[in-house]
Amino acid sequence: MKILVIGGAGYIGSHVARMLADNGNKVSIADNLSTGTEENLFSDYDFYKGDILDYPWLVSIMKHGFDAIVHLAAAKAAGESMIKPEKYATQNITGTINILNAACQAGISKIVFSSSAAIYGEPKYLPIDEAHSKEPTNFYGFTKLEIERLLEWYDKLRGIKFAALRYFNAAGYDIEGRVRGLEKNPANLVPVIMEVAAGMRSKLEIFGTDYPTPDGTGVRDYIHVTDLAQAHCKALNHLADARQSFAVNLGSEKGLSVLEILKAARRITGRPIPASIVERRPGDPAKLIASSCAAKQLLGWEAKYSDVDTIIATSWRVYEKHLA
Ligand code: UD1
């Protein structure tokens, strides 16, 4: 297939693009390089630099003729979205409307969309399955939910078939060590810990130790980015074969606390990784764990690399090179 990966220079997009190309697809990347990096652009890709808010640019690149789009271009810091909702409304929602309209104009009818566990909000039960109520507690999650609803209407009215992949906490780096671009100003736990280990920031702030969890810190379902990339490949194949839209969770079905990740990172990196306890971060639930049964049944997908040691070791292999 000829595939346009929008946001393909970013953290998750770069892993997805690499695996799609490895599997024999012709990959083109569209990215504004605001959070993505040129280091993630491999020589076998075509690259179009531009912004999804630039509609004429989107229309012009889609003229190159693609069988499918993978759309990962978005702002993703849940905390920031509560302070800068305009940024998230525009980049995530307006940007996606532009992509959908340009895709319709170009006759592209398959799209894989990066959705998020953040659409569910505070869990009513665990593990969270796809039927769980959807009441996001942060504006980022709201933008992802709105886009899923838009996709449903574009399916009904324009015949666009979509896969909405609801990522839990993406972490780790390419199992084969090829993707090496660092995230710019990360806010997520694992890259923050890696930056501390590498001496790029002074300490980790632990956002609360008074949650109703075994060690008091937040528990999340960390899913290795190579597992996520695999799911995108399977989702595209399923869209091509079944021509039916779907939404699935992508998680490891296991929970890890902030302290468990920190402990593993200290052990694997051999670095002290200073940390201090601060207030809870607003909008953070205590515990999120996925049910990935639907992805297993529909796509034959399950997490293979999402144990804590693999997540930390593959991340450290990349960050170690930047030791201050
Ligand atoms: C959030 C979204 C998730 C989304 C992800 C994208 C929610 C509930 N979850 O994940 O769906 O895919 O953003 O970025 O909106 N932590 C610290 N110190 C730090 C950073 C994080 O203690 O410096 C803690 C957090 O409190 C949390 C855990 O580490 O318990 C993971 O946080 P993070 O990596 O930021 O991801 P989420 O907020 O869970």
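Remember, it's 1-based here, ligands and their atoms both numbered in the order they're listed. Just so it is clear, the values below take in all heavy atoms, side chains as well, and ignore hydrogens, waters and symmetry mates.
If you check which protein heavy atom lies closest to atom 3 (C) of ligand 1, you get Ser116 OG, 3.7 Å. Ranking protein heavy atoms by distance to atom 32 (O) of ligand 1, first place goes to Arg281 NH2, 3.4 Å. When only non-hydrogen protein atoms are considered, atom 15 (O) of ligand 1 lies nearest to Asn138 ND2, 2.7 Å. In terms of protein heavy atoms, atom 33 (P) of ligand 1 is closest to Asn188 ND2, 3.4 Å. Of the protein's non-hydrogen atoms, the one nearest atom 1 (C) of ligand 1 is Ala78 CB, 4.3 Å. Here the protein heavy atom with the shortest distance to atom 39 (O) of ligand 1 is Arg220 NE, 2.5 Å. At the top of the distance list for atom 26 (O) of ligand 1, counting protein heavy atoms only, stands Asp284 OD2, 2.6 Å. In this structure, atom 22 (O) of ligand 1 lies nearest to the protein heavy atom Phe207 N, 2.9 Å.
A donor-acceptor pair is defined here as one N or O able to donate and one able to accept, closer than 3.5 Å; such a pair exists between the side chain of Asp67 and the backbone of Lys2. Of the possible donor and acceptor atoms, one in the side chain of Asn40 sits under 3.5 Å from a partner among the backbone N and O of Gly181. Judged purely by atom type and a 3.5 angstrom limit, Ser306 has no side-chain atom pairing as donor or acceptor with the backbone of Ala303. The main-chain N or O of His132 is found under 3.5 Å from a side-chain atom of Asp129 such that the two form a donor-acceptor pair.
No more than 12 heavy atoms of other residues, nucleotides or ligands sit less than 6.0 Å from atom NZ of Lys84. Within 6.0 Å of atom NZ in Lys87, more than 12 heavy atoms from other residues, nucleotides or ligands are found, so the atom counts as buried in its surroundings.
When heavy-atom distances to ligand 1 are checked against a 4.0 Å cut-off, Leu288 comes that close only through its side chain, counted from C-beta outward. By the criterion of a heavy-atom distance under 4.0 Å, both the backbone and the side chain of Leu189 are placed next to ligand 1. At a 4.0 Å heavy-atom cut-off, ligand 1 touches Phe168 through the backbone alone. Residue Ala118 touches ligand 1 through backbone and side chain together, judged by heavy-atom distances below 4.0 Å. Only side-chain heavy atoms of Pro285 come within less than 4.0 Å of ligand 1; its backbone N, CA, C and O stay farther off. Under 4.0 Å from ligand 1, the heavy atoms of Asn169 that appear belong solely to its side chain. Of the heavy atoms in Tyr211, none comes closer than 4.0 Å to ligand 1.
A side chain to side chain contact (heavy atoms under 4.5 Å, CB included) with Tyr222 is found for one member of Ile312, Val308, Asn188, Ile311 and no other, namely Ile311. When the options Leu20, Val112, Ile29, Val16 are evaluated for a side chain to side chain contact (heavy atoms under 4.5 Å, CB included) with Ile3, the one that passes is Leu20.
Numbered from 1 in the order shown, with element, the atoms of ligand 1 that lie under 4.0 Å from a heavy atom of Tyr222 read 28 (C), 31 (C). For ligand 1, the atoms lying closer than 4.0 Å to a non-hydrogen atom of Ile206 are 22 (O). With ligand atoms numbered from 1 in the order given, ligand 1 contributes 20 (C), 35 (O) to contacts under 4.0 Å with heavy atoms of Ala187.
Between Arg266 and Arg271 there is no side-chain heavy-atom pair separated by less than 4.5 Å.
Tyr11 does not count as a contact of ligand 1, since none of its heavy atoms falls under 4.0 Å from the ligand.
Looking at residues two or more places apart in sequence or on another chain, you find no salt bridge (Lys or Arg N to Asp or Glu O under 4.0 Å) involving Arg243.
With no hydrogens or angles considered, no side-chain donor-acceptor pair links Glu80 and Tyr140 at under 3.5 Å. Side-chain atoms of Asn101 and Tyr154 include a donor-acceptor pair closer than 3.5 Å.
At under 3.5 Å, not a single nitrogen or oxygen of Gly283, backbone or side chain, sits near a nitrogen or oxygen of ligand 1.
For residues 290-301, every residue pair satisfying the side chain to side chain donor-acceptor pair (under 3.5 Å) rule, not counting sequence neighbours, is listed here: Glu253-Lys296.
Nearest residue to atom 30 (O) of ligand 1 from Gly218, Ala275, Ser257 is Gly218 (criterion: closest heavy atom).
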